[in-house]
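See below for the structure under consideration.
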Amino acid sequence: MEINHPETLAEVSHQFSRYQQAITDNDIAVLNELFWDNTLTLRYGIGENLYGHAAIASYRGTRDATSVARVVGKTIVTAYGRDAAVTNCEFTRGNRQGRQSQSWIRMPEGWRIVAAHVSYLGG
């Protein structure tokens, strides 16, 4: 298996950047697009466990988006072959430090997040 194929890294890094910009802009359409539209998709958030794309999309549509902007720090993107990758980043929102991990798979419709986890340091 080839690790960190340059073209694959570039593709996933681009989608990761789209996701981060969509978080800042609260662009729900892009956020929903980038999660795999399937019941197997999951997102563990700060205060919620979401199972399935419908639950994730519902959460995005109803959450308070007044303070979602954040500053992304150290980021690591690792590609495993040509169709799988993980992204991990540290971020700051206000005075809180957090981290985010995502598993990305190349689907027929493009790169999609199949699992994600977001948490703050210290709970």
Side-chain angles (χ1 to χ4, degrees):
M1 172 185 303
E2 185 174 9
I3 304 298
N4 288 340
H5 178 268
E7 185 178 313
T8 305
L9 275 178
E11 291 172 0
V12 175
S13 294
H14 173 72
Q15 296 306 323
F16 175 82
S17 293
R18 285 185 67 217
Y19 182 87
Q20 296 311 314
Q21 189 62 52
I23 287 284
T24 299
D25 296 343
N26 195 39
D27 187 337
I28 295 169
V30 171
L31 294 171
N32 287 339
E33 169 198 336
L34 292 176
F35 273 87
W36 183 36
D37 190 356
N38 194 283
T39 58
L40 297 174
T41 304
L42 66 90
R43 179 185 177 276
Y44 293 150
I46 301 296
E48 65 288 335
N49 295 333
L50 304 169
Y51 298 94
H53 188 275
I56 296 166
S58 176
Y59 166 78
R60 292 277 187 216
T62 59
R63 74 180 175 143
D64 178 10
T66 56
S67 62
V68 294
R70 60 189 185 174
V71 176
V72 175
K74 184 174 181 76
T75 300
I76 299 173
V77 178
T78 307
Y80 301 92
R82 304 278 179 107
D83 299 318
V86 296
T87 59
N88 292 278
C89 74
E90 298 173 11
F91 66 88
T92 303
R93 178 175 289 143
N95 63 354
R96 298 201 69 189
Q97 299 274 321
R99 61 250 167 132
Q100 167 190 293
S101 61
Q102 298 170 325
S103 299
W104 293 78
I105 301 294
R106 183 192 310 270
M107 300 294 182
E109 61 273 21
W111 285 99
R112 296 296 183 263
I113 300 162
V114 297
H117 179 251
V118 183
S119 61
Y120 285 123
L121 293 172

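Fair warning: this is a prediction, and the values are worked out from it, not measured in the lab. Every heavy atom of this structure was used, including side-chain atoms; hydrogens, water molecules and symmetry mates were not.
Residues Ser103 and Val86 come closest through the heavy atom pair OG-CG1, 4.1 Å. Closest heavy-atom contact between Met1 and Gly81: CG-N, 3.5 Å. Closest approach of Ala22 to Val30, counting heavy atoms only: CB-CG1, 3.7 Å. Across every non-hydrogen atom of Phe91 and Arg99, the tightest pair is CE2-N, 3.3 Å. What you find for Gly61 and Ile28 is that their closest heavy atoms are CA-CD1, 4.2 Å.
In terms of hydrophobic clustering, with Ile, Leu, Val, Met, Phe, Trp and Tyr side chains grouped at heavy-atom distances under 4.5 Å, Val118 and Tyr120 are assigned to a common cluster. Linking Ile, Leu, Val, Met, Phe, Trp and Tyr whenever their side-chain heavy atoms come within less than 4.5 Å leaves Leu34 and Trp36 in two separate clusters. In the hydrophobic clustering of this structure, Leu42 does not group with Leu50; members are Ile, Leu, Val, Met, Phe, Trp, Tyr whose side-chain heavy atoms approach within less than 4.5 Å, directly or through other members. Linking ILVMFWY side-chain heavy atoms closer than 4.5 Å, directly or via other members, places Ile23 and Phe35 in a single hydrophobic cluster. When hydrophobic clusters are built by joining Ile, Leu, Val, Met, Phe, Trp and Tyr residues whose side-chain heavy atoms come closer than 4.5 Å, directly or via intermediates, Tyr59 is grouped together with Tyr19.
At a threshold of 4.5 Å between non-hydrogen side-chain atoms, the residues Glu33 and Arg112 count as touching. Between Ile113 and Thr41, the closest side-chain pair of non-hydrogen atoms is not below 4.5 Å.
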side-chain hydrogen bond (donor to acceptor under 3.5 Å, both in side chains) between Trp111 and Glu11: does it pass, once the steps are laid out?
CA-CA 8 Å; Trp111 285 99; Glu11 291 172 0; 3.0 Å; yes
Full working for side-chain contact (heavy atoms from CB on, under 4.5 Å) between Thr8 and Glu2
CA-CA 10 Å; Thr8 305; Glu2 185 174 9; over 6 Å; no
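Salt-bridge annotation for Glu48 and Arg43: present, with a side-chain N of the basic residue lying under 4.0 Å from a carboxylate O of the acidic one.
Within the 3.5 Å criterion, the main-chain N or O of Arg82 finds a donor-acceptor partner in the side chain of Arg106. Looking at His53, its side chain does come within 3.5 Å of a backbone N or O of Asn32 through a donor-acceptor pair. Between the side chain of Ser58 and the backbone N or O of Ala54 there is no donor-acceptor pair closer than 3.5 Å. Judged purely by atom type and a 3.5 angstrom limit, Asp25 has no side-chain atom pairing as donor or acceptor with the backbone of Asp27. Between the side chain of Ser13 and the main chain of Leu9, a donor-acceptor pair closer than 3.5 Å is present.
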When the side chains of residues 69-79 are checked against the rest of the protein, which donor-acceptor pairs come out under 3.5 Å, sequence neighbours left out?
{"from": "Arg70", "atom 1": "NH1", "to": "Gln100", "atom 2": "OE1", "distance (Å)": "3.4"}
{"from": "Arg70", "atom 1": "NH2", "to": "Gln20", "atom 2": "OE1", "distance (Å)": "2.9"}
{"from": "Arg70", "atom 1": "NH2", "to": "Gln100", "atom 2": "OE1", "distance (Å)": "2.3"}
{"from": "Thr75", "atom 1": "OG1", "to": "Gly73", "atom 2": "O", "distance (Å)": "3.0"}

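Side chain to side chain, Gln21 and Arg18 fail the donor-acceptor criterion of an N or O pair below 3.5 Å.
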